[in-house]
Amino acid sequence: MQISCLLCVYAIWLKVSPAVSESWNAEVPLTVNGLAGSCVVIPCLFKYPGAERKTSHFKGIWYMNSYETVFHTETSKISSTFQQRTSLLGDLGHRNCSLKINPLRSSDSGPFTFRIEIEDFDKFTFGHNKVSVSIKDSPDQPTLSISEEMSSGKKVTITCLVFHSCPSDPPKITWSHKGLTSSQSLKQTNGEWKIISSLSFTPSKSDHQKHLTCTAEFLGGKKSSSMETLKVKYAPENVAVVSDYSVVEGSDLNMTCTSESNPASHTYHWFTEGGTLLSEKHTFTLKNVSRHIGSIYCRAINTEGQADSRPIQLNVLFPPEFKVGSSCTVDITGVTCLCIVDSHPASEIKLWGADPSSELRRTHEEKHGSLTIVTLQGALGISDIVHCGATNSQGNYTLTLQVPYSLIHNIKVYISIAVVALIVIIIGLSVWITKQCRRNAPEVTPQPKMEVNATSLSEPQRKFKDVSPSCYGSQHVYGNMVSEGPYEEEYPYEYDNDYEATYANV
Ligand SMILES: *[C@@H]1O[C@H](CO)[C@@H](O)[C@H](O)[C@H]1NC(C)=O
Ligand SMILES: *[C@@H]1O[C@H](CO)[C@@H](O)[C@H](O)[C@H]1NC(C)=O
Ligand SMILES: *[C@@H]1O[C@H](CO)[C@@H](O)[C@H](O)[C@H]1NC(C)=O
Ligand SMILES: *[C@@H]1O[C@H](CO)[C@@H](O)[C@H](O)[C@H]1NC(C)=O
């Protein structure tokens, strides 16, 4: 009971004055890294014996080399080389004796010692806990790490590590690429801090091979940076066929499929317009090129995806060929000849008759794709044969067309029949008119009588005399028609036996 009560009392005493420490002690690192021109914080925590005291009861002093006053609570006591450059960061009442030197000079290497003076109690110099500052003129490079593999469109996070010794004014970290940034500060040993800055962004194809930089700017303006080249994987783009576009029919053509991608495309496919797979090679040889090949495209494939080129239309060259439908026809209006030439490039077409030196003039020329259609229209009899000569860069070819004679002949016959029929009708008509005239003639007084009694002519007799010249007149007209033969002039064809036979029948 007694023992337990004693323990109770001790516990209560502990609770009342929990901050009692047994001895003088300072916790400081042995060395702190510092950057000349920037700031450094020497972390410091001290212990003193006895009960906790008020802040106002403390005087903190830092010495360098045991004699130079680096800091004093009474600032006037600070040595001239450290005036305005030093301060205590923490609260001495909370045993925090951290010293900040800003800006740090190359000569501020220490060793530094802390001394505490507590009013109405005691003073102590922590001579066993010396701190040195290792001073660098330029900051270390940040550590930039791209751990993830980058793919276009896939979000990544990149980190940049920066070490420093000035937690009150840490360096500012900036990135060369836009994105979401965040940072974390971690306390290390020996008064050093680590800042982890993270950049999150979604890379695109355009980021491939770009430089990414992380820059730390320290208090006082010194900077250091690290750079990495981004490697962004992306599916093929700008796929294109590289080839000669003009090719002679029947020859071979080498075609290469190019693309932009990372990594490089590992497979290529070649297709016709209709989707037939032609090849799986990067460079494909199209053999025996045909004019009917149509368009061709290629597909590039890598680990990230695939893409197609635009279809290319080959310019297949071939010499002229005459197509079905090239012929001459004849009708009543004349001769029509048609030359239909298939060639690429388009042919130059010449027309001539029996005499190659005199070219026949075409009536019309038109083009439909690779076809050139030349029309010649002429009078009957322009020529018995028509030659069509077609020439392009690939060769030349001449076609001889026959003007169909029999048809021309038949037309002659029809025209002849028509002429003969007309003559017969005219003759018949004339005969009839003549007969009509003769029937009226008996009423005319014989000529001798008329001479005897010329004055006894009656009125009706006079009238007849006036009419009769018209009968003779018509005979005269008929005579002229026969003798002048106007039909023979218009159709100067020789009448052959067939014609005579027909005439005889008529
Ligand atoms: C001392 O005080 C400063 C400022 O309040 C603080 O940042 C630091 O962490 C303290 N140091 C220790 C050792 O407690
Ligand atoms: C096409 O490629 C083959 C081999 O790849 C080569 O032997 C040939 O000479 C090439 N032909 C042309 C027209 O470039
Ligand atoms: C080329 O193709 C044509 C038909 O398009 C064929 O008649 C000819 O035999 C082919 N030539 C070769 C060498 O394969
Ligand atoms: C037509 O081709 C032959 C050889 O195929 C050539 O000798 C001739 O000169 C050519 N004629 C024309 C008009 O190009």
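In each ligand, atom 1 is the first atom listed, and ligand 1 is the first ligand listed. Throughout, numbering of the chain's residues begins at 1 and tracks the sequence.
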Undergrad: Would you please classify the geometry between the H387 ring and the W352 ring as parallel, tilted or perpendicular, with 30° and 60° separating the classes?
TA: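 Parallel: the ring planes of W352 and H387 meet at under 30°.
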Undergrad: T285 and D252: which non-hydrogen atoms are nearest, and at how many Å?
TA: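 Of all heavy-atom pairs spanning T285 and D252, the closest is CG2-CB, 4.0 Å.
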Undergrad: What are the polar N/O contacts of ligand 3 with the protein below 3.5 Å, with distances?
TA:
residue  : atom   : partner : partner atom : Å
ligand 3 : 2 (O)  : N288    : OD1          : 3.4
ligand 3 : 2 (O)  : N288    : ND2          : 2.3
ligand 3 : 11 (N) : N288    : ND2          : 2.8
ligand 3 : 14 (O) : N288    : ND2          : 3.2

Undergrad: Checking S87 now: which residues fulfil side chain to side chain contact (heavy atoms under 4.5 Å, CB included) with it, not counting sequence neighbours?
TA: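 Result, side chain to side chain contact (heavy atoms under 4.5 Å, CB included) vs S87: K100.
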Undergrad: Show me the pairs that pass salt bridge (Lys or Arg N to Asp or Glu O under 4.0 Å) and involve residues 258-281, at least two apart or across chains.
TA: K205-E260
Undergrad: Can you name the nearest heavy-atom pair linking L401 to C328, along with the distance?
TA: CB-SG, 3.7 Å
Undergrad: Please state whether the sulfur gamma atoms of C388 and C337 sit closer than 2.5 Å to each other.
TA: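 A disulfide is absent here, as the SG pair of C388 and C337 is separated by 2.5 Å or more.
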Undergrad: Would T285 count as being in polar contact with ligand 2, using the rule that some N or O on each side must be under 3.5 angstrom apart?
TA: no
Undergrad: For L89, take its heavy atoms, then give the atoms of ligand 1 lying under 4.0 Å from any of them.
TA: 4 (C)
Undergrad: Considering residues at least two apart in sequence or located in another chain, which fulfil the side chain to side chain contact (heavy atoms under 4.5 Å, CB included) criterion with A36?
TA: S106, I135, D137, K222
Undergrad: Evaluate N96 for polar contact with ligand 1, using N/O atom pairs at a separation under 3.5 Å.
TA: yes
Undergrad: With heavy-atom distances below 4.0 Å as the criterion, list the atoms of ligand 1 near G90.
TA: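 Here the atoms of ligand 1 in question are 1 (C), 2 (O).
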Undergrad: Which pair of non-hydrogen atoms, one from P203 and one from K154, has the smallest distance, and what is that distance?
TA: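 Looking at all heavy atoms of both residues, the shortest contact is CD-O, 3.0 Å.
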